[in-house]
Amino acid sequence: MSDLNALESEILKKVEGASTLEALDAVRVEALGKSGQITQLMGKIASLPKEEKAEYARGMNILKDAVQSALTSRKTTLESAALEAKLASEKADATLPAAPKNLGAIHPVSQVMEEIIAIFADMGFAVAEGPDIEDDFHNFTALNFPLGHPARDMHDTFFFAPDPKGERKVLRTHTSPVQIRTMKAQKPPVRIIAPGRTYRNDSDQTHTPMFHQVEGLVVDSEVHMGHLKGCLLDFIRAFFEVDEVEARFRPHHFPFTEPSAEMDVRCDRSGGVVKIGQGDSWMEILGCGMVHPNVLRNCGYDPDEVQGFAFGVGVDRLAMLKYGMPDLRDFFAADMRWLQHYGFNPLMVPSLAGGLS
């Protein structure tokens, strides 16, 4: 038994001296592996005289349990120490500013969306949102789209399969349904913008099946076309960061506004760059108009008591014009090189006071 006690002391000393998990595992294999010291001694039990087997086996079990217990305890200690060392090496000071190069880049669509929201928030507009999947009433009927209008056709709009009632939901073709939901939920005055994704069955260099739009709505007892023009001129000046903008409003047709207009701004197209507020060219920038009386009635408003104006701008197109991106399809190509070139610093939050871009 004295030999077993000496062997136990020797092995436990090695266990205590193991400074790494790898070293500890080597001690375990040396003692308890297939060819280990204890394993070999256990194999001798069968060859012992009958009267010695019981006492020898009891001594071997005590030795084996003591070594196994020491290995488990030492392993726990070493694992805890390794974890503490790893946590210490990965410690970060949350009060320090993050390194911009590790934060990625803001997509131009997100940047321009925030710029537009910042401008209209300064004018007193609230942000309203609604679902991307709409019903016929909110997307068409309430907005004065007659039956048979081209927008209701499959070649222009993404329709879902009919539900049990025969109604087909659609991916909204504009954010105008948000205006309807807002007017049905609150009484005048209303002053909102509705940013979000919209969907139309179209795809080329300047059109994508999914794009981004911001629409605006103002409804009050004393609202007229002059207010609409002033609001949009202020927006264009702020967005393109120019002092003066010359604009013209051409008669147009939208089912939900009357009168309707498209807004053109004077620009210079020379040198392959579009410069707003100068030059001899004109460029269509957005659609707008006075809210159609039928739309007001559909939302429970009395057109003899209130009137309003509405407008809609394409966020992706504004981004192309302001920041010089030639192809709209690249916005959705998931090319990191493109985003690194056109992306924005995530720490630079757009504001009129600090600068939009």
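For reference, positions follow the sequence shown, starting with 1.
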Task: Donor-acceptor under 3.5 Å (Gln40 side chain, Ser35 main chain) - done: yes
- [ ] Decide if atom CD of Gln278 counts as having more than 12 heavy atoms of other residues, nucleotides or ligands within a radius under 6.0 Å.
- [x] yes
- [ ] Give a yes or no on whether the ring-centroid distance for Tyr323 and Tyr342 is below 6.0 angstrom.
- [x] no
TODO: In plain terms, say whether Asp163 and Lys165 are close enough for a salt bridge, that is, a side-chain N and a carboxylate O under 4.0 Å apart.
DONE: no
Task: Donor-acceptor pair, side chain of Thr39 and main chain of Gly33, under 3.5 angstrom - done: yes
- [ ] Output the distance between atom OG (Ser73) and atom CG (Leu78), rounded to the nearest 0.5 Å.
- [x] 9.5 Å
Open item on the list: Under a plain distance cut-off of 3.5 Å, with no hydrogens placed, do Asn298 and Thr141 share a side-chain donor-acceptor pair?
Closed with: no
Open item on the list: If only side-chain N and O atoms count, and only distance matters, is there a donor-acceptor pair under 3.5 Å linking Arg297 with Asn294?
Closed with: yes
TODO: Output yes when a side-chain donor or acceptor of Asp316 lies under 3.5 Å from a complementary backbone atom of Leu328, and no otherwise.
DONE: no
Open item on the list: Assess the residue pair Phe311 and Phe120 against the criterion (ring pair (Phe, Tyr, Trp, His ring centres under 6.0 Å)); give the C-alpha distance rounded to whole Å, side-chain angles, the decisive distance to 0.1 Å, and a yes or no.
Closed with: CA-CA 12 Å; Phe311 56 87; Phe120 284 109; 5.2 Å; yes
Open item on the list: Donor-acceptor pair, distance only, cut-off 3.5 Å: does the side chain of Arg191 make one with the backbone of Leu217?
Closed with: no
Task: Under-4.0 Å salt bridge between Arg172 and Glu134 - done: no
Task: Arg250 and Asp264 ion-paired at < 4.0 Å - done: yes
- [ ] Give a yes or no answer on whether the side chain of Asp220 reaches the backbone of Pro189 with a donor-acceptor pair at less than 3.5 Å.
- [x] no
Task: Interatomic spacing from SG in Cys267 to CD in Glu246 - rounded to 0.5 Å - done: 11.0 Å
- [ ] Check whether the ring centres of Phe235 and Phe125 lie less than 6.0 Å apart, and answer yes or no.
- [x] no
Task: Phe159 six-ring face occupied by Lys169 cation (under 6.0 Å, within 45°) - done: no
Open item on the list: Let me confirm one number: the CD-CD distance from Glu222 to Gln307, rounded to the nearest 0.5 Å.
Closed with: 9.0 Å
Task: Whether over 12 other heavy atoms sit under 6.0 Å from Arg269 CZ - done: yes
